[in-house]
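Just so you know, these numbers use all the heavy atoms, side chains as well, and skip hydrogens, waters and symmetry mates.
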Amino acid sequence: KNVFKLVDKVDTALGEKLDFAFHQQYGFLTACPTNVGTGMRASAMMHLPGLVLSEQINQVIQAVNKVGLAVRGLYGEGTESLGNLYQISNQSTLGESEETIIRRLERVISQVSNHEQNAREKLLEDDPDMVADKIGRAYGVLRHAYIIDSKEALNHAIDAQGLEAVIAMEDRNQILASSDGDFQEG
């Protein structure tokens, strides 16, 4: 919201000095028909590995599309998701105020974030070894690769919560191993 307030002030100041293509009924006229109206594209980048690993991402994308928002890849329209990063943004700008667009986006981001958190928790509960393996492999590549391009790096992207889960599992495994007389740490 703070960013929008700042951008709105800049937009207003520019509008006082420049002539924008504006129609009383349709709003701002742009080269792209989907931007006619407010001309504003509001978006958020979300890291959704839980929804991808639990195979819920397509359902979430369909639900988001039904409320007038689009889910795109990392670099916008027509691009693939890399590193489980998805961009969520408004599809059109005609007939709605900037505030309405932002409120809808905030509401949907909150809901998607809750679904992501639930998916992560369920994955950790149902298959902690798979989660630890995925994160451990990603960490290993990112930590030890000498040459890695951005696409591969993004596809191995992990977040701090995931890494903390692996560390907690390693601690648990060390405790289990040291409590068995056959295994000693040291």
Exercise for the section: May I ask you to check whether Ser110 and Ser113 show a side-chain donor-acceptor distance below 3.5 Å? Expected result: no

Handout entry: Within 6.0 Å of CZ in Arg137, more than 12 heavy atoms from elsewhere
Key = no

Problem - Student check: side-chain heavy atoms of Phe28 and Leu94 closer than 4.5 Å - result: no

Problem - Cluster check Val67, Ile57: I/L/V/M/F/W/Y, side chain < 4.5 angstrom - result: yes

Handout entry: Test item: side-chain donor near acceptor, Ser89 and Arg72, under 3.5 Å
Key = yes

Exercise for the section: Would you please say whether a donor-acceptor pair under 3.5 Å links the side chains of Asn90 and Arg104? Expected result: no

Problem - Asp133 side chain near Asp129 side chain, heavy-atom distance below 4.5 Å - result: no

Problem - Sub-4.5 Å side-chain heavy-atom contact between Pro128 and Val131 - result: no

Problem - Nearest heavy atoms of Thr93 and Val36, plus distance in Å - result: OG1-O, 2.7 Å

Practice task
May I ask whether Phe22 and Leu14 are part of the same hydrophobic cluster, defined by side-chain heavy atoms of I, L, V, M, F, W, Y residues being less than 4.5 angstrom apart, directly or through others?
Solution key: yes

Problem - Residues Val71, Gln87; criterion side-chain contact (heavy atoms from CB on, under 4.5 Å); working and verdict - result: CA-CA 6 Å; Val71 181; Gln87 183 186 112; over 6 Å; no

Problem - Pairwise side-chain contact, Arg120 with Pro49, heavy-atom cut-off 4.5 Å (strictly under) - result: yes

Practice task
Output yes when a side-chain donor or acceptor of Asn65 lies under 3.5 Å from a complementary backbone atom of Ile61, and no otherwise.
Solution key: yes

Practice task
For residues His156 and Tyr139, determine if any side-chain heavy atom of one lies less than 4.5 Å from a side-chain heavy atom of the other.
Solution key: no

Practice task
Measure the shortest side-chain to side-chain distance between Met45 and Leu74 over non-hydrogen atoms and say whether it is less than 4.5 angstrom.
Solution key: yes

Handout entry: Student check: side-chain heavy atoms of Ile101 and Arg41 closer than 4.5 Å
Key = no

Handout entry: Intermediate values then yes/no, side-chain contact (heavy atoms from CB on, under 4.5 Å), Glu121 and Glu125
Key = CA-CA 6 Å; Glu121 289 171 8; Glu125 181 181 311; over 6 Å; no

Exercise for the section: Please check if Val112 and Ile109 belong to a single hydrophobic cluster, counting links between Ile, Leu, Val, Met, Phe, Trp and Tyr side chain heavy atoms closer than 4.5 Å. Expected result: yes

Problem - Ionic contact status for Glu80 with Lys151, cut-off 4.0 Å - result: yes

Exercise for the section: Answer yes if Val108 and Met40 sit in the same cluster of Ile, Leu, Val, Met, Phe, Trp and Tyr residues linked by side chain heavy atoms under 4.5 Å apart, and no otherwise. Expected result: no

Problem - Interatomic distance, Gln24 atom CD to Tyr26 atom OH [nearest 0.5 angstrom] - result: 12.5 Å

Exercise for the section: Can you measure from OG (Ser97) to CZ (Arg103) and round to the nearest 0.5 angstrom? Expected result: 6.0 Å

Practice task
Group every Ile, Leu, Val, Met, Phe, Trp and Tyr by side-chain heavy-atom contacts under 4.5 Å, then state whether Leu53 and Val60 land in the same group.
Solution key: no

Exercise for the section: Please assess Tyr86 against Val64 for the test side-chain contact (heavy atoms from CB on, under 4.5 Å), listing each intermediate value before the final yes or no. Expected result: CA-CA 12 Å; Tyr86 292 86; Val64 169; over 6 Å; no

Handout entry: Over 12 foreign heavy atoms within 6.0 Å of CZ, Phe20
Key = yes

Problem - Glu116 and Gln56, any side-chain heavy atoms less than 4.5 Å apart - result: no

Completion exercise
With Met46 as partner, the option from Leu51, Asn84, Ile88 fulfilling side-chain contact (heavy atoms from CB on, under 4.5 Å) is Ile88

Practice task
Indicate the atoms forming the closest heavy-atom contact of Asn155 with Leu82, along with that distance.
Solution key: OD1-CA, 3.6 Å

Problem - Spatial distance of atom CG (Leu142) from atom CD1 (Ile135) [nearest 0.5 Å] - result: 12.0 Å

Exercise for the section: Taking Thr100 for its side chain and Glu96 for its backbone only, find out whether a donor-acceptor pair lies under 3.5 Å. Expected result: no

